[in-house]
A.B. asks: 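One structure, pasted below without further comment.
All figures in this text were calculated on a predicted structure; none of them were measured in a lab. In what follows, chains carry the letters A, B, and so on, assigned in the order in which the sequence lines appear, proteins first and then strands, with residues in each chain numbered from 1.
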Amino acid sequence: MENLSSFEKPYNSKEIESKIYQIWEKSGYFNPDNLPATKNPEAKSFCIMMPPPNVTGTLHMGHALGMTLEDIMIRYHRMKGDKTLWLPGTDHAAIATQAKVEKEIYKKENKTRYDLGREEFLKRVEEFAKTSHDAIIGQIKAMGASCDFSREAFTLDEKRSLAVRTMFKKMHDDGLIYRGNRIVNWDPKGGTTISDDEIVYEERETKLYTFRYSKDFPIPIATTRPETKLGDTAVAVNPKDKRYKNYINKEYDADFAGAKLHIKIIADEAIDPAFGTGAVGVTPAHSVIDSEIAQKHGLPMIQVIDERARITAGKFAGKKINEARELIVNELKENGLLEKEEIIIHNIATAERTGGVIEPLPKLQWFVKTAPLKDLMRKPVETGQIKIIPDYFTKTYFHWVDNLRDWCISRQIWYGHRIPVWYHESKCVPIPGRENETSQCEEISVGEEKNNCGHCGAKFIQDEDTLDTWFSSALWTFSTLGWPSENEQLKIYHPTDVLETGYEILFFWVARMVMMAGYALGQIPFRSVYLHGTVRDSQGRKMSKSLGNIIDPLDIAGKYGTDAMRMALISGAGPGTDMKISEEKIKGYKNFANKIWNIARFVLENSKNAEGDVSEKKDKELLKEFEELKNNITTDIEEFRFSQAGEKIYHYIWHRFADIIIEESKPVLKENRTAKTSKQILLQKILMGSIKLLHPFMPFITEEIYQQLPIADKKLLMIEKW
RNA sequence: GGGCGUUUAGCUCAGUGGUAGAGCGUCACAUUGACAUUGUGAAGGCCGCUGGUUCGAUCCCAGCAACGCCCACCA
């Protein structure tokens, strides 16, 4: 009460927010070990692992939305008296971070990573990652996130590296990780392989050429990529196709653009007789499907394109593929071999991070064998052990699991977890890039650093490649809790309770966490998956640099207050649904913050010294009504209806409490009877109750009001009983 | 090509088998107030279209359309 003077008007979010956050941090209550409620051995645990933001820059509105939703759940459970842990962290995001730094260095110094060398380049990336990390942590705090920084993790720190190495070895020992020479997605721009999920398809107009390899070749074929035809070893037709029946199993030699081709005509059910000429030139080295056909029919594989996307065979060897394509087409025209040229709309595969056009190439890489792990991913979702919200995403999830191929996990980039495998330096077993050199001893060391081969004594060197960043992210729910050490933390908090993330990484991340936790711990990683949508601008467009419509969460929070931003983000959008955000909307919630502020001032001023209980019947009814609201909101939060919960408390405070209850109390407060006291107590109670209900949504202003109230035995609103 | 989602007031979105809801915006009036950011009230809807189930459908079912998203190796 004596603090009344500091109840300034209007509400000043900026000053109060940084002050309040410091108080919270100092209290130590972000750490569940310090929570008074959790001293109770009966206390339940509640745990969320923060999806680690990439250290590629700063946080955007999507992060702000996620943080807000997570903080709502965390604050609610903390107030409820659960042993509540929200563990924060960041992701090294291997390829994304490396690509970003490479780009910057090239722009500033006109140098590539190869110019700098591995060591120096990594130093630069780490510097960048550190700066980025620090900025991100600052942002997380500014958003009011009540996470436990004493447990902060990084996907590339020492503990997580141990988890990665351990998992790699375990899976290798179980035959779930293998090295194989297979067609992989090669990104010539990034100079690395990528997984199927990192491919983005782009619709483009492409020319479809119909031609013959040579004059005396009996069957014309169609292709969009004549330059790959230098590596053809067969032509496949449908066995039922009458046109080609007589040719099946015959073999032909052809001179095609300076390459001597030996083509076998084969029959395969997969060929669609209606497309093109109904005959497909099979290029085993440069197409996944062709390599499968080749395997089935025992055809040889001839690589004709290298890692720099240059042709390596025929008379155009050394030319870039686009150039070679033109030259080959010209030659076909000159020789009268080109029968048709038409424009079709075609999906071309590009790399998500670099935009490079994917070149399928045969390469020796590390893979996770997914077939034996599919059940681990499918079952818990099928049985409802893991609940995906909204539930229609389960269908998408199953579809992905069912169609999953082996996961290529090795990358030819430098930033990331180095593959924990050591080979003989003296070329005993195939070494990447030196596949042709072998010797007697085939010892390798997996998961364990060794200087020398225990078998033949030869010197060992480590694999040059690094792991797909999603391999380390997949361990996140338990690597953060100290796995592989079997400790108390892991027992208390795993499985975690909720995974809150954007729907766009359902496959990249969510499914793989289910796989890894199931495999390593025999547990589900989380009980519920809450998927939020994309935050778009007021016109519904995605926010992007090129459109210039990016709203920076820090700017907004500074301008309107973090509380207002949080409310605006979670209102009006359910799970899985994209939402539009505009400054207008945020401004509306800033007004709301001011409204509450003034409600608190009014109540404080008008209920000084009032003690006792509500005595009037009408007031008791109003309290009962409030109880009902509280129950409704509690259910909404428990059932992940955050938007509705937020709107209910908003509506109650403004249009019920302020507009009606307070307005109607004004004449009563002028009287001097028990009715007045009853009303005063009522106002106090509803105010206190309201700021509690609102706290998870708007933590700063509610905490500040709480601190201003004359309460006996005052602590922090953050840990007040829900 | 396969799958998923959305369609309700000018805008953003809730919602229920029984005559349609909120916020913002608009309009009118009031207001120096706990409130620079206030209040009261009003206008505004074939609840995408066509059928079916039902006493009754915005809701359930079928089909269609538009928009959006995801997946896929048609060469």
A.B. asks: Would you call A:Glu382-A:Arg378 a salt bridge at under 4.0 Å N-O?
C.D. replies: yes
A.B. asks: Which whole-number value in Å describes the distance from A:Asn347 CG to B:C70 P?
C.D. replies: 12 Å
A.B. asks: Using the side-chain heavy atoms of A:Phe275, tell me which of these nucleotides is nearest: B:U37, B:C74, B:C70.
C.D. replies: B:C74
A.B. asks: Please state how far atom CD1 in A:Ile599 lies from atom C1' in B:C35, giving the value in whole angstrom units.
C.D. replies: 9 Å
A.B. asks: Less than 4.0 angstrom from a charged side-chain N to a carboxylate O is my criterion; do A:Lys679 and A:Asp619 meet it?
C.D. replies: yes
A.B. asks: With a 4.0 Å cut-off on heavy atoms, is A:Arg405 in touch with a base, just the backbone sugar-phosphate, or nothing at all?
C.D. replies: base
A.B. asks: Is the distance from OP1 or OP2 of B:A22 to the nearest side-chain N or O of A:Tyr650 less than 4.0 Å?
C.D. replies: no
A.B. asks: Send over the distance from A:Lys595 NZ to B:A36 C1', rounded to a whole Å.
C.D. replies: 13 Å
A.B. asks: Kindly say if A:Lys395 contacts the phosphate of B:C4, meaning a side-chain N or O under 4.0 Å from OP1 or OP2.
C.D. replies: yes
A.B. asks: Output the rounded distance in Å from CD1 (A:Ile570) to C1' (B:U12).
C.D. replies: 15 Å
A.B. asks: For A:Asp563, run the side-chain contact (heavy atoms from CB on, under 4.5 Å) check against A:Tyr589, A:Tyr11, A:Phe697 and tell me which one passes.
C.D. replies: A:Tyr11
A.B. asks: Taking the P atom of each, how far is B:C24 from B:A42, in whole Å?
C.D. replies: 16 Å
A.B. asks: Have a look at A:Tyr201 and say if it touches a base, only the backbone sugar-phosphate, or nothing, with a 4.0 Å heavy-atom cut-off.
C.D. replies: sugar-phosphate
A.B. asks: Tell me the interatomic distance from A:Glu203, atom CD, to B:C71, atom P, rounded to whole angstroms.
C.D. replies: 14 Å
A.B. asks: Ring centres under 6.0 Å, that's the criterion: do A:Phe642 and A:Tyr530 meet it?
C.D. replies: yes
A.B. asks: I need the CZ-P distance between A:Phe602 and B:C35, as an integer number of Å.
C.D. replies: 10 Å
A.B. asks: Please state the C1' separation for the pair B:C69 and B:C74 - nearest whole angstrom.
C.D. replies: 23 Å
A.B. asks: B:G15, OP1 or OP2 - any side-chain N/O from A:Gln644 closer than 4.0 Å?
C.D. replies: yes
A.B. asks: Does OP1 or OP2 of B:G23 have a side-chain N or O of A:His655 closer than 4.0 Å?
C.D. replies: yes
A.B. asks: Give me the distance, rounded to whole Å, that separates B:G5 from B:C27 when you measure between the P atoms they each carry.
C.D. replies: 41 Å
A.B. asks: With no angle test and no hydrogens, is the base of B:A34 tied to the side chain of A:Glu663 by a donor-acceptor pair under 3.5 Å?
C.D. replies: yes
A.B. asks: With a 4.0 Å limit, can you tell me whether A:Lys580 has a side-chain N or O closer than that to the phosphate oxygens OP1/OP2 of B:U12?
C.D. replies: yes
A.B. asks: As a test of reading the structure: which of B:A36, B:G39, B:C70 is closest to the side chain of A:Phe507, going by heavy atoms?
C.D. replies: B:C70
A.B. asks: Return the value, rounded to whole Å, for the distance between atom CZ of A:Phe592 and atom P of B:C24.
C.D. replies: 12 Å
A.B. asks: Measuring only the C1' atom in each nucleotide, how far is B:A36 from B:G17? A whole number of Å is fine.
C.D. replies: 49 Å
A.B. asks: Treat a base pair as Watson-Crick or G-U wobble with both distances under 3.5 Å, then lay out RNA chain B in dot-bracket form, 5' to 3', with | for cross-strand pairs.
C.D. replies: (((((((..((((....[..)))).(((((.......))))).....(((((..]....))))))))))))....
A.B. asks: We want to know whether A:Gln684 and A:Gln680 form a side-chain donor-acceptor pair, criterion being a heavy-atom distance below 3.5 angstrom.
C.D. replies: no
A.B. asks: For A:Tyr213 and A:Phe217, I'd like to know if the aromatic rings sit close, meaning centre-to-centre distance below 6.0 Å.
C.D. replies: yes
A.B. asks: Between A:Lys296 and A:Glu269, does any NZ, NE, NH1 or NH2 come within less than 4.0 Å of an OD or OE carboxylate oxygen?
C.D. replies: no
A.B. asks: Classify A:Ala274 by what it touches in the nucleic acid, base, sugar-phosphate, or nothing, heavy-atom distance under 4.0 Å.
C.D. replies: nothing
A.B. asks: So, A:Lys369 and A:Asp406, do they make that salt bridge, N to O below 4.0 Å?
C.D. replies: no
A.B. asks: So, A:Ser571 versus A:Glu647: side-chain donor-acceptor pair below 3.5 Å or not?
C.D. replies: no
A.B. asks: Does a side-chain N or O of A:Trp654 approach OP1 or OP2 of B:G23 to a distance below 4.0 Å, or not?
C.D. replies: no
A.B. asks: Do any side-chain nitrogens or oxygens of A:Asn594 fall under 4.0 Å of OP1 or OP2 in B:A36?
C.D. replies: yes
